[in-house]
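Only one structure is covered here, and it is reproduced in the block below.
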Amino acid sequence: MSERIRVMLGAEPQKPAVISPEAREWHAMKRVNKEDFLAMKEHARQHGVVSHKWRNRRWAVLLFCNLLFTFSFWLDIQLLEGALTASRFAGFHLIDLNSALQVMLAHKHIIVNLFIGTATVFFLWVLLGGRSFCSWVCPYHLVAEWFEWLHLKLVDKKLVSDHQFHRGARTLFWLLFSALALVTGYTLFETLSPTGILSRALIYGPSLALGWVLLLLMFEVFYSRRAWCRYVCPIGLTYGMVGTLSPVRVMYRLEHCFHEGDCKKVCLVPHVLDMVVKGRAEHTEVPVGPDCTRCGLCVDVCPSGALQFDVKGLSRML
Amino acid sequence: MSELPERSDDEELQPPPGAQRPKAPVRKEAARRRFIRTAALACGVVGVSLAGWIPVASAQKTRLRPPGALEEHDFLSSCIKCGQCVQVCPVAAIKLGDLDEGFGIGVPYIDARNQACDFSCDAVQCILACPTGALTYKKPEFAQKRAGMKLSRDPVLKAKAKDAEPTLNLKERIGVARLAHPEACLAVQGKGFKGQARGANFKGTMRYMEVDRWKPVPVRDHPYERAVCDLCVSECPIQDAIKLEEFTGADGSKRHRPVVLEQCVGCGVCEMICPVEPAAIVVDERQEWKA
Ligand code: SF4
Ligand code: SF4
Ligand code: SF4
Ligand code: SF4
């Protein structure tokens, strides 16, 4: 686990030092019968169904959550009041963990409701997977996903290329924004957060701040793929840390994998899928690390079902 | 250009035979470029976030904050920018700041001339809604306090004057009214007022007890007819906050002038209702009351 946390904070994934005997056997098998292996792989590929099951479910959930805020306010049904940064669901306080952190550091005074809301959300996301907040709730994730499609089209046409940054930058931003909140007493990150800006725009109407969000999207389209989520956003890291405790994750099963690497191509955080590289898996089943947003794109794309959602203790429930 | 070669032993991911793996200096160069890019990104993002300080420092926008707001710096640091206060206000007096307010983005304010807080919620609902204590009935010990912010008596809400508990829970003012343009004031000129206070296109609403106890109605649907204009005095929701005082004009005629009293909480209803353009009476946000 500590290795996975290191990778989340920005370290390059390392080859495992020890590989279990069973996993070793599988790795060997895949090397020995190359012909058979390729035939099986071809077979799996032809029978693999390209599905968008998880993506569609996820988009539906994301839109539902965000529009519930909007309609609660517009239609005055008072079911979910507030915005993503802080809200009340049927009277229960819910407070975004990263916003709560920023306010607590800046204001240095925690009232009961703030504490209750933060604790509730903390336990909620421990249960639901941590960074699943990113892909299942965050409105910026969705628009960035749509613009990413444009970026990939342009890369395909060789009109732009993806400029990568060091992933450790996000850890640095997390520390910097925390320190700045503590020292200046202003919640600096909230000024920039496209998550907050989009959520408020959906509820309270458009704002100038949407220009900043558009700028970020353009940066991602023309310069660096998913740059905000990959290299900057401290919200992702906050929820990632919560997710280290979570039972919900994606599970990798070595025996089903043909190592074509489609999963790494669709993944927002491909460093968590290092075990799919041939010879890397240290066990026959490897859970994907906490930086995974549980978006399910890899689950959808894998032609042989090697990646599946899994709940610790309730294995193969999904 | 930035694709670092995969350090993998997977045949499929390796360069085809013939093609050579990039040589070490190339990879080093790529790593160096990535480092510079990352440093630039870090400076860029932090720089942009610090730019939010400019509007705050130059105080281009001094805003009237909702009732119970902490002092400006504490308010900006404690508000989580959720808008729950916006959602509960029956007259939609509260708006959220935009990007041009820097750190004030997403932070609530009241533009009293367009829509003042008339306390038609009775219980200062916005304070009840606030999850972080940015709006609060009672200031915490450590919070900085402004002289003259505390009211000497609990304000009595005219609408509740006959109730068992007629006061607002609020003990502090958010600003204070001031007759900014006495020469423009109709009462000072000895004039009356007839018609829609702010014209036919004004969107503001207000609670009129005689119309509906719980439902604010548009101001334009409630025309006035006064021999001497006293709208600011009659529509002020707080008891003993403002009165009309008689005086003798230069020409010896009987004139009146609105006088703001110590119970003024700074809600801004007087500024909203004042029929002259621009308003003769305005609210100075976060100001203390002076005799
Ligand atoms: S106190 Fe004023 S601003 Fe607050 S909810 Fe009531 S009417 Fe609106
Ligand atoms: S309810 Fe409180 S935290 Fe939320 S926007 Fe209003 S003042 Fe800020
Ligand atoms: S005098 Fe004006 S600002 Fe003061 S309480 Fe009355 S209406 Fe509000
Ligand atoms: S409402 Fe305006 S014009 Fe009328 S008395 Fe008050 S300040 Fe003067």
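All figures in this text were calculated on a predicted structure; none of them were measured in a lab. Lettering follows sequence order; numbering is per chain, from 1.
Within the 4.5 angstrom heavy-atom criterion, only side-chain atoms of Ile197(A), from C-beta onward, approach chain B. Looking at Phe115(A), there are no atoms closer than 4.5 Å to chain B (heavy atoms on both sides), in backbone or side chain. When heavy atoms are compared at a cutoff of 4.5 Å, His166(A) approaches chain B by way of both its backbone and its side chain. Residue contact with chain A, scored on non-hydrogen atoms closer than 4.5 Å, involves the backbone of Cys79(B) exclusively. Contact annotation for Leu208(A): both backbone and side-chain heavy atoms come within less than 4.5 Å of a heavy atom of chain B. Contacts of Val103(A) with chain B are made by both backbone and side-chain atoms, with heavy-atom separations under 4.5 Å. With a 4.5 Å cut-off on non-hydrogen atoms, Leu180(A) touches chain B through its side chain but not through its backbone. Proximity to chain A (any heavy atom under 4.5 Å) is shown, for Leu41(B), by both the backbone and the side chain. Contact annotation for Ile36(B): neither backbone nor side-chain heavy atoms come within less than 4.5 Å of a heavy atom of chain A. For a residue to count as touching a neighbouring chain, one of its non-hydrogen atoms must lie under 4.5 Å from one of that chain's; by this rule Leu84(A) does not touch chain B. Both the backbone and the side chain of Ala129(B) come within less than 4.5 Å of a heavy atom of chain A. Contact annotation for Leu188(A): both backbone and side-chain heavy atoms come within less than 4.5 Å of a heavy atom of chain B. Neither the backbone nor the side chain of Leu210(A) has a heavy atom closer than 4.5 Å to any heavy atom of chain B. With a 4.5 angstrom heavy-atom cutoff, Val107(B) does not touch chain A via any of its atoms. Heavy atoms of Thr184(A) lying under 4.5 Å from chain B belong exclusively to its backbone.
Side-chain contact between Leu152(A) and Arg225(A) is present, with at least one heavy-atom pair separated by less than 4.5 Å.
Between Phe173(A) and Phe177(A), the ring-plane angle classifies as parallel under the 30° and 60° cut-offs.
Among Leu114(A), Thr191(A), Asn113(A), Ile116(A), the residue with the largest count of heavy-atom pairs under 4.5 Å with chain B is Thr191(A). Ranked by heavy-atom pairs shorter than 4.5 Å toward chain B, the options Arg88(A), His93(A), Glu190(A) are led by Arg88(A). Heavy-atom pairs under 4.5 Å with chain B peak, among Gly211(A), Ala209(A), Ala169(A), at Ala209(A). No other option in Gly205(A), Ser87(A), Gly117(A), Gly168(A) has as many heavy-atom pairs under 4.5 Å with chain B as Ser87(A). When Cys130(B), Pro131(B), Pro140(B) are compared by the number of non-hydrogen pairs under 4.5 Å with chain A, Pro131(B) comes out ahead.
The pair Lys81(B)-Asp96(A) fails the salt-bridge criterion, with no side-chain N (NZ, NE, NH1 or NH2) lying under 4.0 Å from an Asp/Glu carboxylate O.
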Report the C-alpha distance between Lys171(B) and Asp154(B) in whole Å, list the side-chain angles of each, state the deciding distance to 0.1 Å, and finish with yes or no for salt bridge (charged side-chain N to carboxylate O under 4.0 Å, His left out).
CA-CA 6 Å; Lys171(B) 311 270 188 281; Asp154(B) 289 1; 3.4 Å; yes

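Results of the salt bridge (charged side-chain N to carboxylate O under 4.0 Å, His left out) test with Glu172(B) over Lys139(B), Lys150(B), Arg65(B) single out Lys139(B) as the only residue that passes. When Lys15(A), His259(A), Gln14(A) are each tested for a side-chain contact (heavy atoms from CB on, under 4.5 Å) with Arg280(A), only one passes: Lys15(A).
His73(B) and Tyr186(A) have their aromatic ring centers within a separation under 6.0 angstrom. Ring pair Tyr204(A)/Phe73(A): centre-to-centre distance below 6.0 Å.
Rounding to the nearest 0.5 Å gives a distance of 12.5 Å between CZ of Arg170(A) and CH2 of Trp228(A).
Counting only distance, with no hydrogens or angles, the side chain of Ser224(A) and the backbone of His163(A) share a donor-acceptor pair below 3.5 Å.
Side-chain atoms of Ser72(A) and Glu81(A) form no donor-acceptor pair, as typed in the model, at a separation below 3.5 Å.
Heavy-atom neighbours of Trp53(B) CH2 from other residues, nucleotides or ligands within 6.0 Å: at or below the threshold of 12.
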